[in-house]
Amino acid sequence: QLAAKGFKTGAVNLAQAQDVPDNLSVLVIAGPRVDLLPGEVNRIRRWVEKGGNLLWMIDQGSLRGLQALADDLGLNLLAGTAVDPRASGLKLPAAFALTSGYGEHPITANSTVTSVFPHARQIGASEGSKWHFTPLVEVAQSGWLETSGIDSNVAFDPNRDVRGPIVVAAALERNVGDRRQRVVIAGTGQFLANQYVGMLGNLDLGVN
């Protein structure tokens, strides 16, 4: 889909490369399956520190060695899964949260179709962050952030869970020298996985 819009894409082996190449427009981290080596993490952090643009899709569970990057970005990543009672109306599991609102940003300017975020985590900004934080996607207007396990009897617990809406994607921006640096964080990579990217507005949102 990106190639159809004129983008050139390719993989970067950060275990071999000395640094993220300077000619990249954006580095994409899409749900790593194994922990990154400290050297790989340092190369990503240097890329961001000097103003490189980043799209990071963060799945549930471990950050795969990238906690230091989350700290650099001033992120507050609460444990838990967005649960949406409306999903049952589309014959979807409760952990498939539906968009309840889009933020004001060029990425979402023309987004009007509901998107689906499977097994999404909350994305927040830490207090005192030096980045400008813009929520892009809110889900589960009538749902919550479930902080325990997801099963067929999942229910809101006011003592542990967080009522919706839940921000599951955000844009971070700051000035680096004479240019504007952009970072986009999504609380799940599954919304762009092959089996889900064609659902409702996921593809358009992902390309934007």
Side-chain angles (χ1 to χ4, degrees), residues 1-2 28-33 55-64 70 73 75-126 132-172 182-208:
Q1 293 293 328
L2 292 176
V28 179
I29 305 174
R33 295 290 186 263
L55 168 59
W56 184 11
M57 291 177 276
I58 308 175
D59 288 323
Q60 291 286 346
S62 170
L63 294 187
R64 298 301 184 184
L73 296 171
L75 295 178
N76 181 21
L77 303 173
L78 295 180
T81 303
V83 168
D84 194 341
R86 295 186 304 157
S88 62
L90 297 177
K91 308 298 184 183
L92 295 173
F96 280 48
L98 305 177
T99 306
S100 58
Y102 293 108
E104 294 186 7
H105 192 275
I107 290 175
T108 53
N110 298 314
S111 297
T112 57
V113 179
T114 297
S115 300
V116 182
F117 282 73
H119 304 284
R121 64 190 304 162
Q122 186 175 33
I123 304 296
S126 299
H132 178 70
F133 182 95
T134 302
L136 292 179
V137 178
E138 288 185 340
V139 299
Q141 177 73 39
S142 58
W144 66 91
L145 186 72
E146 175 64 40
T147 57
S148 57
I150 302 290
D151 56 31
S152 58
N153 298 317
V154 64
F156 178 74
D157 182 340
N159 296 317
R160 296 184 303 180
D161 301 332
V162 179
R163 287 200 178 276
I166 305 299
V167 174
V168 296
L172 311 178
R182 296 178 296 166
V183 172
V184 173
I185 308 295
T188 173
Q190 293 191 43
F191 86 104
L192 293 182
N194 289 342
Q195 62 266 47
Y196 304 128
V197 71
M199 295 181 69
L200 301 177
N202 285 22
L203 178 57
D204 285 343
L205 179 64
V207 169
N208 288 346

Quiz prompt | N208: partners by side-chain contact (heavy atoms from CB on, under 4.5 Å), with sequence neighbours left out | solution = I107, S111
Practice problem: Can you measure from CG (L200) to OG (S115) and round to the nearest 0.5 angstrom? | Solution: 7.0 Å
Quiz item: Which value, rounded to the nearest 0.5 Å, describes the distance between L136 atom CG and L172 atom CG?
Solution: 9.0 Å
Self-check item: Test item: Q60 side-chain N/O and G80 main-chain N/O as donor-acceptor pair under 3.5 Å
Solution: yes
Exercise. Measure the OG1-CZ distance between T134 and R182 for me, rounded to the nearest 0.5 Å.
Key: 12.5 Å
With a cut-off of 3.5 Å and sequence neighbours excluded, list every side-chain donor-acceptor pair involving residues 155-166.
| from | atom 1 | to | atom 2 | distance (Å) |
| --- | --- | --- | --- | --- |
| D157 | OD1 | N159 | N | 2.9 |
| D157 | OD2 | R160 | NE | 3.1 |
| R160 | NH2 | S148 | OG | 3.4 |
| D161 | OD1 | T147 | N | 3.0 |
| D161 | OD1 | T147 | OG1 | 2.9 |
| D161 | OD2 | D157 | N | 2.8 |

Quiz item: So, do V116 and L90 sit near enough that their side-chain heavy atoms are less than 4.5 Å apart?
Solution: no
Self-check item: Heavy-atom pair of closest approach, residues D59 and G31
Solution: OD2-CA, 3.6 Å
Quiz item: Taking only residues two or more places apart in sequence, or in another chain, which ones meet H105 in a ring pair (Phe, Tyr, Trp, His ring centres under 6.0 Å)?
Solution: none
Practice problem: Measure the shortest side-chain to side-chain distance between W56 and V184 over non-hydrogen atoms and say whether it is less than 4.5 angstrom. | Solution: no
Self-check item: Minimum heavy-atom distance between Y102 and T114, given as atom pair plus value
Solution: OH-C, 3.9 Å
Practice problem: Determine which pairs satisfy salt bridge (Lys or Arg N to Asp or Glu O under 4.0 Å) with at least one residue from residues 97-114, sequence neighbours left out, and list them in order. | Solution: none
Exercise. Only counting residues at least two apart or in another chain, list the ones meeting salt bridge (charged side-chain N to carboxylate O under 4.0 Å, His left out) with R64.
Key: D35
Exercise. Please name all residues satisfying side-chain hydrogen bond (donor to acceptor under 3.5 Å, both in side chains) with W144, sequence neighbours left out, ordered by chain then number.
Key: E146
Side chains of residues 185-197: which donor-acceptor partners sit under 3.5 Å, not counting sequence neighbours?
| from | atom 1 | to | atom 2 | distance (Å) |
| --- | --- | --- | --- | --- |
| T188 | OG1 | P118 | O | 3.0 |
| T188 | OG1 | Q190 | N | 2.9 |

Sequence neighbours left out, cut at 3.5 Å: what donor-acceptor pairs do the side chains of residues 82-89 make with other protein atoms?
| from | atom 1 | to | atom 2 | distance (Å) |
| --- | --- | --- | --- | --- |
| D84 | OD1 | R86 | N | 3.0 |
| D84 | OD2 | L98 | N | 2.9 |
| R86 | NH2 | L98 | O | 3.1 |
| R86 | NH2 | T99 | O | 3.3 |
| S88 | OG | P85 | O | 3.0 |

Self-check item: Residues that A95 engages under side-chain contact (heavy atoms from CB on, under 4.5 Å), provided they are two or more places apart
Solution: T81, H119, I150
Quiz item: At what distance, to the nearest 0.5 angstrom, does CG of N110 lie from CG of L205?
Solution: 11.5 Å
Quiz prompt | Residues that L2 engages under side-chain contact (heavy atoms from CB on, under 4.5 Å), provided they are two or more places apart | solution = F7, T9
Quiz prompt | S126: partners by side-chain contact (heavy atoms from CB on, under 4.5 Å), with sequence neighbours left out | solution = N76
Quiz item: What's the shortest heavy-atom distance between A170 and I123, and which atoms?
Solution: CB-CG2, 4.0 Å
Quiz prompt | pair D204-V113: side-chain heavy atoms closer than 4.5 Å | solution = no
